[in-house]
Amino acid sequence: MPHRFAAALAAAGLVTAIAATPASAHPGPHHDTTLGELAAASHRYLGSATDNPEFSDAAYLKILGSEFNSTTAGNALKWYATEPQQGVFDFTQGDQVLDFARKHHMSFRAHTLVWHNQLPDWLNNGTFTADQLRAILKNHILTEARHYRGKVYSWDVVNEAFNEDGTYRDTIFYRTLGPGYIADALRWAREADPHAKLYLNDYNLEAIGPKSDAYYTLVKQLKAQGVPIDGVGFQGHLALQYGYPDTLQQNLQRFADLGLDVAITELDIRMYVPADEAKLATQADWYARVTKACLAVRRCVGITIWDYTDKYSWIPAVFQGEGAALPYDENLQPKPAYDAIRDALRDAGRPGRH
Ligand code: G3I
């Protein structure tokens with residue numbers, strides 16, 4: 001158990017010895033059972049996002065493919081990557097991630113068909129009538145979801161459709177097509193891949209509040225109208241300075257009670273760097289609490305962390321002075337958060353707990 005060894009060294013003040021440990025010295029699983037296996041014992045998945053540039057990092061891939069039983073592509077399935085020119089599709093990068101998942105018996109969350117961000121220039125800069133944009137959207141969804149038909153567990157069909165106050169986000173789709181674009185997108189996704197679970201996905205949805213209330217109202221309406229929707233994804237981009245979302249479990253439960261699956265889809269817990277023992281302990285506690293919240297809700301199907309190592313986190317590039325958000329450090333060594341997730345999963349998977 002190399003990370004326990006590392007923790008012992010740290011306790012003994014031999015931190016430099018850890019720093020000197022080459023990252024590749026301990027690749028692969030750190031215990032006899034993996035996070036994925038522990039999650040599977042509770043009929044859940046424990047996944048990690050990944051991204052194509054990381055495929056040249058063998059030590060990274062070894063852990064990704066062994067420790068987790070689900071993955072998603074952090075960028076490869078977004079519109080800018082899959083339809084870089086109008087009507088010209090490229091699934092090379094997405095296929096690379098999916099192939100890896102299949103080889104390693106991981107389920108695959110597909111992310112994302114409709115999002116206002118990372119759109120190709122031709123779409124961002126174009127001027128389209130409602131009819132034209134509807135045709136573009138339909139063709140994009142049908143073509144991409146058909147390409148992955150039968151191969152993905154779920155699709156984040158529409159990503160980040162609402163503002164913080166619960167109003168619709170002003171995107172090219174909302175502006176041009178009105179709120180009905182969401183129902184249309186879900187219907188086209190179902191048409192293209194009848195077996196993929198169809199999700200709406202967003203951030204700052206963890207606590208009960210105006211934004212999650214807006215989703216609650218919308219998915220209730222969609223279900224009442226017979227629009228195909230299977231789940232809601234709670235991204236889970238948390239930050240120590242903003243406090244833990246205490247109503248998470250209750251919030252997950254109220255969506256589940258509508259007859260939906262729920263999932264934590266992009267979990268990371270950032271902090272101001274440098275990290276210290278106290279911050280890492282709080283972070284570990286939060287990872288455990290999120291894990292337990294999901295495990296306590298029968299229809300919470302799993303947790304995906306937004307990559308597993310600080311080496312490849314999106315945080316430092318976007319939030320200046322913040323980072324250390326993931327359960328493995330930059331040297332691919334497990335942090336206290338890793339053990340916290342493990343313990344939460346293991347406790348839940350013990351016979352008699354469910
Ligand atoms: O592809 C270019 C590359 O050509 C260029 O050399 C490089 C230089 O910066 O940039 C590359 O693009 C980057 C892209 O990721 C692909 O690596 C962008 O700059 C960068 O902004 C982009 O960040 C992604 C971000 O979404 C964009 O909003 C992150 O990797 C990705 O993890 C992140 O994921 C989102 C989810 O999709 C939705 N929820 C929030 C989450 C975090 O922002």
Side-chain angles (χ1 to χ4, degrees), residues 47-57 60 64 68 70-85 90-98 108-124 140-141 144 148 152 154-164 169 171-173 182 185 198-206 211-212 215 231-239 242 245 262-271 290 302-328 330:
S48 167
T50 187
D51 206 358
N52 301 78
E54 297 156 30
F55 275 62
S56 56
D57 184 339
Y60 164 87
L64 178 71
F68 301 94
S70 175
T71 191
T72 185
N75 286 301
L77 296 186
K78 292 172 179 173
W79 202 317
Y80 81 112
T82 55
E83 195 182 356
Q85 294 166 54
D90 181 354
F91 298 113
T92 322
Q93 298 205 72
D95 290 353
Q96 184 184 27
V97 183
L98 181 66
F108 189 87
R109 294 195 84 260
H111 172 83
T112 172
L113 290 168
V114 189
W115 191 27
H116 62 278
N117 219 337
Q118 290 175 289
L119 291 172
D121 289 343
W122 66 264
L123 184 50
N124 264 334
H140 180 76
I141 292 173
E144 181 161 1
Y148 290 105
V152 304
S154 63
W155 266 109
D156 289 336
V157 178
V158 180
N159 192 42
E160 301 174 7
F162 282 98
N163 296 313
E164 299 309 292
R169 189 190 282 273
T171 68
I172 180 174
F173 307 109
I182 296 177
L198 305 182
Y199 276 69
L200 302 181
N201 190 55
D202 214 322
Y203 62 88
N204 282 348
L205 216 57
E206 294 72 37
K211 196 171 188 179
S212 61
Y215 274 94
V232 174
F234 299 72
Q235 292 184 6
H237 294 295
L238 306 182
Y242 299 135
V262 292
I264 309 293
T265 53
E266 304 184 12
L267 182 61
D268 48 25
I269 302 173
R270 62 187 190 269
M271 60 184 71
V290 172
I303 298 173
T304 304
I305 51 177
W306 207 237
D307 226 316
Y308 71 84
T309 160
D310 294 334
K311 186 173 183 182
Y312 296 123
S313 173
W314 67 290
I315 301 283
V318 174
F319 297 99
Q320 219 189 347
E322 297 180 54
L326 294 164
Y328 287 70
E330 293 187 356

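Just so you know, ligand 1 is whichever comes first in the structure, and atom 1 is the first atom listed for that ligand. Worth saying up front: this structure is predicted, and the values here are computed from it rather than measured.
- For Ala76, the side-chain contact (heavy atoms from CB on, under 4.5 Å) partners two or more places apart in sequence, or in a different chain, are Asn52, Ala73, Gln93.
- For Phe162, the ring-ring contact (aromatic ring centres under 6.0 Å, His included) test picks out Tyr168, Tyr215, with sequence neighbours left out.
- If you look at ligand 1, the protein residues with a non-hydrogen atom under 4.0 Å away are Asn75, Lys78, Tyr80, His111, Trp115, Asn117, Gln118, Asn159, Glu160, Gln235, His237, Glu266, Trp306, Trp314.
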Task: Working for ring-ring contact (aromatic ring centres under 6.0 Å, His included), residues Phe319 and Trp314 - done: CA-CA 9 Å; Phe319 297 99; Trp314 67 290; 5.6 Å; yes
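- A side-chain donor-acceptor contact under 3.5 Å links Asp95 and Tyr148.
- In this pair, Phe173 and Trp79 present their aromatic rings parallel. The plane angle is below 30°, not in the 30 to 60° band.
- For Asn124, the side-chain contact (heavy atoms from CB on, under 4.5 Å) partners two or more places apart in sequence, or in a different chain, are Leu119.
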